[in-house]
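Along the sequence shown, residues carry numbers from 1. Model, not experiment: these values are computed from the prediction.
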Amino acid sequence: MLSKVVTKEEALSKIHDGQTIMFGDWHGEFAADEIIDGMIEKGVKDIAAIAVSAGMPDQGVGKLIVEKRIKSLITTHIGLNPVAGEQMLAGELEIEFSPQGTWAERVRCGGAGLGGCLTPTGVGTEMEKGKQKLMVNGKEYLLELPLHADIALVKATKADTAGNISFRMNSRATNSTIAYAADFVIVEVEDVVEVGELGPEEIDVPAPIIDMIYVKTGEKKPLCPMWQRAKAKAEAKAKAKAEGGKK
């Protein structure tokens with residue numbers, strides 16, 4: 001079976017200026033960081049981004065925002081990245097806000113080939129401006145259009161060489177959803193195994209959906225940064241308690 005494992009250079013060859021790119025990171029916590037770093041080094045710009053948030057200044061899509069490589073962003077919030085707020089207010093970054101549930105459903109519709117979804121969320125608010133409203137059984141709904149991208153950048157825990165991918169606990173985040181909603185899917189993984197080493201119950205997105213697998217070469221991060229900080233804090237607290245008990 002043909003291997004889908006590629007080098008970072010091969011993965012970056014598919015990413016160009018002006019593309020619409022989906023980022024699967026959860027506030028920068030589950031991001032294809034080495035590919036994103038490669039995009040910055042390559043000089044990719046004018047990206048129309050779709051991500052659940054603006055990341056953080058040093059994590060995920062947030063790094064591209066800091067470098068002013070993102071021209072527009074469809075997202076649910078930008079509160080964890082003050083640079084995104086500054087650029088929005090300065091007119092340097094176009095932001096379209098979408099409620100998180102609506103955002104996720106729009107991505108799902110993009111992957112399923114649907115024409116959009118109906119939701120009551122936003123009716124009677126600024127969210128309804130410019131959107132079609134429909135009456136269903138006496139209730140008003142907004143028609144929210146699907147989201148689709150040229151490229152999806154997915155971060156997964158493990159993959160096999162054929163392209164089946166697996167996530168660790170909630171690292172799935174939005175990664176599994178965006179994988180279906182793009183023309184080309186590139187996955188950055190912590191580890192790669194041979195075909196047959198992933199059990200059926202471990203496969204979260206099947207190989208036919210995935211186009212390329214990049215195995216990160218830097219520090220392995222089985223825990224996302226948020227969990228790493230929480231773990232370090234808990235360990236420090238436990239150590240302090242143990243040392244206090246010895247006095």
Side-chain angles (χ1 to χ4, degrees), residues 19-32 36 47-56 59-62 64-65 70 72-81 84 88 93-134 136 139-157 165-188 203-206 208-210 224 226-227:
Q19 287 179 319
T20 298
I21 301 179
M22 284 186 176
F23 297 83
D25 58 291
W26 188 262
H27 317 313
E29 298 290 349
F30 308 109
I36 290 172
I47 301 162
I50 301 172
V52 75
S53 79
M56 299 184 192
Q59 291 180 199
V61 69
L64 288 162
I65 291 173
I70 305 293
S72 65
L73 174 65
I74 300 176
T75 188
T76 71
H77 77 88
I78 61 174
L80 297 177
N81 189 347
M88 179 185 71
L93 176 62
E94 178 186 339
I95 300 281
E96 177 188 335
F97 289 106
S98 184
Q100 197 164 109
T102 301
W103 183 93
E105 188 65 7
R106 291 174 70 189
V107 173
R108 189 191 70 82
C109 287
L114 301 178
C117 60
L118 295 179
T119 175
T121 303
V123 171
T125 74
E126 291 189 1
M127 292 297 300
E128 72 175 30
K129 289 183 179 179
K131 297 176 182 176
Q132 184 178 351
K133 287 200 292 187
L134 290 88
V136 180
K139 186 172 182 178
E140 281 190 321
Y141 294 85
L142 299 181
L143 173 62
E144 294 282 0
L145 299 179
L147 294 176
H148 194 271
D150 301 309
I151 300 284
L153 289 183
V154 171
K155 172 64 186 298
T157 306
I165 64 174
S166 177
F167 302 103
R168 184 175 186 265
M169 296 187 289
N170 67 348
S171 65
R172 176 194 302 264
T174 62
N175 279 295
S176 60
T177 308
I178 70 164
Y180 292 88
D183 295 331
F184 199 87
V185 183
I186 303 172
V187 184
E188 181 177 308
I203 297 173
D204 296 304
V205 180
I209 305 300
I210 308 302
C224 73
M226 182 188 298
W227 292 346

Rounded to the nearest 0.5 Å, the CD1 atom of Ile78 sits from the CG atom of Leu73 at a distance of 8.0 Å

Give a yes or no answer on whether the side chain of Ser72 reaches the backbone of Glu94 with a donor-acceptor pair at less than 3.5 Å.
-> no

Considering all heavy atoms of both residues, which atom of Val61 and which atom of Ala49 are nearest to each other, and what is their separation?
-> CG2-CB, 4.4 Å

Using the side-chain contact (heavy atoms from CB on, under 4.5 Å) rule, take Tyr180 and Val205 through it: C-alpha gap first, then chi angles, then the decisive distance, then the call.
-> CA-CA 9 Å; Tyr180 292 88; Val205 180; 4.0 Å; yes

Find the distance between CD1 (Ile74) and CH2 (Trp103) and round it off to the nearest 0.5 Å.
-> 10.0 Å

How far does CD of Glu188 sit from CZ of Phe30, to the nearest 0.5 angstrom?
-> 14.0 Å

So among Asn175, Val154, Val185, which one has a side-chain contact (heavy atoms from CB on, under 4.5 Å) with Ile165?
-> Val154

When rounded to the nearest 0.5 angstrom, what is the spacing between CD1 in Ile47 and CG in Leu64?
-> 5.0 Å

Give the minimum heavy-atom separation between Ala156 and Val187, together with the two atoms involved.
-> CB-CG1, 3.7 Å

Side chain of Ser166, backbone of Asp204: donor and acceptor closer than 3.5 Å?
-> no

Enumerate, atom names and distances included, each donor-acceptor pair closer than 3.5 Å involving a side-chain atom of residues 109-116, sequence neighbours excluded.
none

State the CZ-OG1 distance between Arg108 and Thr177, to the nearest 0.5 angstrom.
-> 9.5 Å

Heavy-atom pair of closest approach, residues Phe167 and Lys155 = CE2-O, 3.2 Å

Residue set satisfying ring pair (Phe, Tyr, Trp, His ring centres under 6.0 Å) with His77, at least two apart, ordered chain then number -> His27

In Å, rounded to the nearest 0.5 Å, how long is the span from CD of Gln100 to OG1 of Thr75?
-> 8.5 Å

Is it true that a side-chain atom of Thr119 and a backbone atom of Thr102 form a donor plus acceptor pair closer than 3.5 Å?
-> no

Do you know the tightest heavy-atom contact between Gly122 and Met127?
-> CA-CB, 3.8 Å

Quick one: does Thr174's side chain get under 4.5 Å of Val107's, heavy atoms only?
-> no

Any donor and acceptor pair, going by atom type alone, linking the side chain of Glu105 with main-chain N or O of Gly101 inside 3.5 Å?
-> no

Which pairs would a plain distance check flag for residues 142-153, meaning a side-chain donor or acceptor within less than 3.5 Å of a matching protein atom at least two apart in sequence or in another chain?
from	atom 1	to	atom 2	distance (Å)
Glu144	OE1	Lys131	NZ	3.4
Glu144	OE2	Lys131	NZ	2.9
Asp150	OD2	Thr20	N	2.8

